[in-house]
Amino acid sequence: MAKRLTLGRMLWICTMLAAVLLGVVVLALQLGAVPFSLGELSQNLVFLATGHPEKLSTDFRLIMIDIRLPRILLGIIVGAALSVAGASFQALLRNPLADPYVLGVSSGAALGAILALLALPALPLMTPLAAFLGAIATITAVYFLGRREGQLDSGTLLLAGIISASFLSAVIMFLMMTLASRDVRGIAFWLMGDLSAALPPGLLWILVVGFVVAAGAIFTTASDLNLLLAGEREAMHLGVDVTRVKLVVYVSASILTGLAVSVGGAIGYVGLLVPHVMRMLFGSDYRVLIPTSALGGAIAIVLADTLARTIVAPTELPVGAMTAMAGAPVFIYLLRRRLS
Amino acid sequence: MSSAVNRPALRHVPWSLLRRTLLQFLPASSFGPLAAPAAATLIFATLIAILVGATLTGGLRAQSKQPTSPSVRKTHGATGTKVTDEMGRVIELLQPVRRIVSLAPSVTETLFALGLGDRVVGDTTYCDYPVEAKSKARVGGPIDPNIEQIAALHPDLVVATRSINRQTTVNSLQHLGIAVYVTDPRTVEQVLDSTARLGHLIRAGDDATPNSAAAANGNSDVTLVADLRRRVAGIREQLSGAPPKSVFFVVWQEPLITVGRNTFLADALRWAGARLALEAAQDWPNVSLEAVVRAQPEYLIFSNDDREQARRQIDQLRNQPGWRQLEAMRGGRIIVLPEAISHPSPRLVDAIEELARALYPDRFAAATRHSLNAPDVPDAPAAFSGATIADAVIVARPRASLSRALSCGPQEGQL
């Protein structure tokens, strides 16, 4: 992609992707156990817009507003967060195979969720909270394990993360096999990634704010990340405060992953594939990669979750199964097309 | 990012600057053919933004004043009876309970046994007993039900069971203002208590209307549970003084999973005069075949409604290392029970009776049958030893469809 990046080009790309996302959302709003036609959808939307919510049909209020739309919004935030985190870790570790879970965040979150299920199974909001705390605890531990001479070292960090992830997975397996509690079974679903849980609206707000702050922080380091990819020493010579940039990216990407995992479980492949797809389509400049990854991730998850909800209805598939099944062929196609 | 999700961030964007920049970079011609679809997209985006706003502020529930369905009534704070379920959760039940969604085969069976089958409006894809259960609206599997589908059925009550449904499902329904009663029976006694309790709380609202039929139904619940209690007490009486026989219950073969001591199933085995050869604290423990060989249980127990399949399975196991070292296998002391044994529902009592008869044929041979409800229980089984495997297998008569294969679905309590 030799084309020079201008603000205009960037806005054009983002507008296009946002339009695609909007189309996917409209599609997702229509499909489900109770399908709504485009006409019904617009009619009810007009009632809402004109301030007559009492005219909404019961099904629309119950299914669209209380269940389907929150789930789609959740998918958008989770997808955007995972993809931005994936792109960030790929730069931070200078490794194309890095994904949001490479440093053990998902395993830490799963362990937190299991402990919450054991201690207080009947408290609905304990699971996301404990999962988030588990993710943060893991990422803090990996941070201290991954330092070398006081600096975050990509190689050491990667090894520390992978080892922590394996260790925590082993602990999870051990707990799942030995614990007497029957509530732990749900964790298997959680590990595959699952957006089916209805959450209170307040939690969505927290996620939105958390996402905007963390993704915004990463976006401010985008030009530095471009230089960092050329090599740490080179970046340092060009005036990049490498230590600070790495810390900001590390903390923000971890928070993004923690947020996504605490509500959606370990949804695979999105964080790995979407940034690569966006690189192939729009170039590897992080200033455009970060917003496009966010939009692309949102599109991918909303699409995958819509499929997961509908293809074997009324049974629901975990969304993680769909992201891998649909994501891998798209990725291979783009890769081959680019090589030929 | 779609419209409103990013609104907090976009507030801080200098809009005039962006607009000017956008106009500067986009050639004027590019607006021409795109104008109409762009306008439509914009309008739809605005409408969705309003929808998103309404959801995020959660203002809709409070605004609406016209309850149109039971589940909506509930979200508007109409008062109902407070009920504590078997997990200790307090739920508000709006009477009368006319529409019930069952999230487990055992719950469906229990509701039908209580004569409440006509109030079940939805059940799971694994609910196949009684036959009428198959014609109800399906809400998906017990572990992965479709929340939208459940909500669309407007249930007054959803009944789940802790051993098979996920906490997440219960939480989600709770957020939506749908009453969920979770059963958690861990003993045969509790299965019966739970049955009586469900019948009582669902019919509680019927008494308000002077309806002789409803009252009669309430009495029939009492009769049903009392009769079940009499039958289990009868088995205990028959077996009094007999030392329990050690058994190994094969829940799953690969990997080898058996029954933990704190489950209703272990309790059911105890009522039938059996004791677990291997005791484990986990509910459905994975165990090693070595441990089974070492324990040398007197009987092996399988559960399968498909007689042929069970026979094939046992014929295969007979020659496998480990299994062929089992005295019970060599002596043909193998019992195949109906799958009802793994459902915490009233049919469990039938299965207990059949197991007790198979384990202690001499005690039941002379005795008159205690159960009026189970006239089709086979007569005392033939001798075990010296017969071919096929003859040695006591296949208690299946109650559900013969053709159903084990692979159709997981047994209750497993997974």
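Convention: sequence-line order gives letters A, B, ...; per-chain numbering from 1.
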Original post:
Side chain, backbone, both or neither: which part of A:Phe60 has an atom under 4.5 Å from a heavy atom of chain B?
Top reply: side chain
Subject >> Within-4.5 Å side-chain heavy-atom neighbours: B:Arg166 and A:Asp194 >> reply: yes
Distance-only donor-acceptor hits, side chain of residues 22-41 of chain A, under 3.5 Å, sequence neighbours excluded:
unit_1	atom_1	unit_2	atom_2	d
A:Ser37	OG	A:Gly39	N	3.4
A:Ser37	OG	A:Glu40	N	3.1
A:Glu40	OE1	A:Ser37	N	3.1

**OP:** Output every pair passing side-chain hydrogen bond (donor to acceptor under 3.5 Å, both in side chains) with a member in residues 68-80 of chain A, not counting sequence neighbours, ordered by first then second residue.
**Re:** A:Arg68-B:Glu148, A:Arg71-A:Asp305, A:Arg71-A:Glu316
Subject >> Distance in Å, B:Ile150 CD1 paired with A:Leu62 CG, rounded so as to fall on 0.5 Å steps >> reply: 11.5 Å
Subject >> Minimal non-hydrogen separation, A:Ile67 against B:Ala151, with atom names >> reply: CD1-CB, 3.5 Å
Original post:
From B:Ile147 CD1 over to A:Arg309 CZ, what is the distance, rounded to the nearest 0.5 angstrom?
Top reply: 12.5 Å
Original post:
Do you know the tightest heavy-atom contact between B:Ser172 and A:Ser196?
Top reply: OG-O, 4.0 Å
